[in-house]
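Within every chain, numbering begins at 1; the chains are lettered A, B, ... in the order of the sequence lines, protein sequences first and strands thereafter. Hydrogens, waters and symmetry mates play no part in the numbers below; they use all other heavy atoms, side chains included.
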Protein chains: 2
Amino acid sequence: MKTIERKKKRNTKQKAIVFQVVQDSHDHPTAETVYERAKRELPTISLGTVYRILKELVPEGKIREIIVNKQSRFDPKTEFHHHFICKKCGKIEDVKTPLCRYTCKKLEQKGYIIEEIEYKFYGLCDKCAAEN
Amino acid sequence: MKTIERKKKRNTKQKAIVFQVVQDSHDHPTAETVYERAKRELPTISLGTVYRILKELVPEGKIREIIVNKQSRFDPKTEFHHHFICKKCGKIEDVKTPLCRYTCKKLEQKGYIIEEIEYKFYGLCDKCAAEN
DNA sequence: AAGTACCCGATAATGATTATTATTAAGGTA
DNA sequence: TACCTTAATAATAATCATTATCGGGTACTT
């Protein structure tokens, strides 16, 4: 009897390109934007494929997903960090901020398990603030 | 041609009921849930009206909107506070936490204007943690 | 009462995302 | 090599929350 062997996941051209596009994007693109950029490399790629691959890459720890205005955006930076969102121009910027140990401890004392923390700062970026 | 000026917005039965429903809800209901509860008081109310009124009440400062999993939820508590979201049962709980003055100051020094801050803690609530 | 702003319920439209389906292509096997 | 099995793809349809539209009515103002 043969042992059932798990097949290797293929590393397809599509997956490599989608990953590379996110790697090269520092503007927190949407899936649609990733699709447009990927199409420049591989014009036949489909939007559904881009969505599927992005959703694979996140649990693999290769990219991060952040949600702004009910829309998914993708970030090549996987280290723990947070975001500032400009309400006027829509720019999303990385923000380093310490997390509140006190609040976490208090929740954990209640028996809660904290797995993820997300801080979002909304307002006007320097350029938009200067225009006002 | 004369323009008629309207001074006060009408406080309709629909608006009063939607507001009351949110006031009485401590579970951060969705628009759909608010609609269901409002229907118990006024069976003819429509979902579109509930959406419209909820969207009015937010800038009026009567209720707060929070977004969880790309869905709007409504909160009678308008004071500054944050949320814990259980990844298993979906429960949303209010969390009091100090905001990071240092991070805000650093952003403001760069010329940014911060208008809103949102902290979200994701994980397992006490009950769901105990079940694991 | 007349004129008009405002609000309503019903319904259609939208936008982002997910599911489905038929096709293609890769890897292993004989 | 040819064949078989299965995964990955492109194209398309379906879904879900939300927003826009429309026609009719209500109430405010003069």
base_contact_polar (C/dC6 base, B/Arg10 side chain, donor-acceptor, <3.5 Å): yes
Separation of D/dA7 P from A/Arg52 CZ (nearest whole Å): 13 Å
All salt bridge (Lys or Arg N to Asp or Glu O under 4.0 Å) counterparts of A/Lys39, not counting sequence neighbours: none
Test salt bridge (Lys or Arg N to Asp or Glu O under 4.0 Å) applied to A/Asp126 - qualifying residues, sequence neighbours left out: none
Atom-pair distance (CG on B/Leu54; P on D/dA17), nearest Å: 15 Å
A/Gln14 side-chain proximity, nearest of C/dC7, D/dT9, C/dG9: D/dT9
Base versus backbone protein contacts along nucleotides 14-24 of chain C [heavy-atom cut-off under 4.0 Å; B, S, -]: --SBB------
Summary of ring pair (Phe, Tyr, Trp, His ring centres under 6.0 Å) pairs that have at least one residue in residues 37-63 of chain A, sequence neighbours excluded: none
Sugar-phosphate only, base, or nothing, as touched by B/Thr12 at under 4.0 Å among non-hydrogen atoms: sugar-phosphate
Residues in salt bridge (Lys or Arg N to Asp or Glu O under 4.0 Å) contact with B/Lys62, at least two apart in sequence or another chain: B/Glu60
Below 4.0 Å: OP1/OP2 of D/dT9 and any side-chain N or O of A/Thr44: no
Counterpart residues, ring pair (Phe, Tyr, Trp, His ring centres under 6.0 Å), relative to B/Tyr122 (two or more places apart): none
Carboxylate-amine/guanidinium proximity below 4.0 Å for B/Arg52 and B/Glu56: yes
Nearest-angstrom distance from the residue atom OH of A/Tyr35 to P of D/dT12: 11 Å
Value in whole Å for how far the P atom of C/dC8 lies from CG of B/Leu42: 10 Å
Value in whole Å for how far the P atom of D/dA10 lies from NZ of A/Lys15: 14 Å
Length of the line joining B/Asn11:CG and D/dC28:P, which is rounded to integer Å: 11 Å
Phosphate OP1/OP2 of D/dA11 contacted by A/Ser46 side-chain N/O (<4.0 Å): no
Straight-line distance of A/Lys77 NZ to A/Ile66 CD1, nearest 0.5 Å: 11.0 Å
Shortest side-chain distance from A/Ile53, nucleotide among D/dA10, D/dT9, C/dC8: D/dT9
Separation of C/dC7 C1' from B/Glu56 CD (nearest whole Å): 9 Å
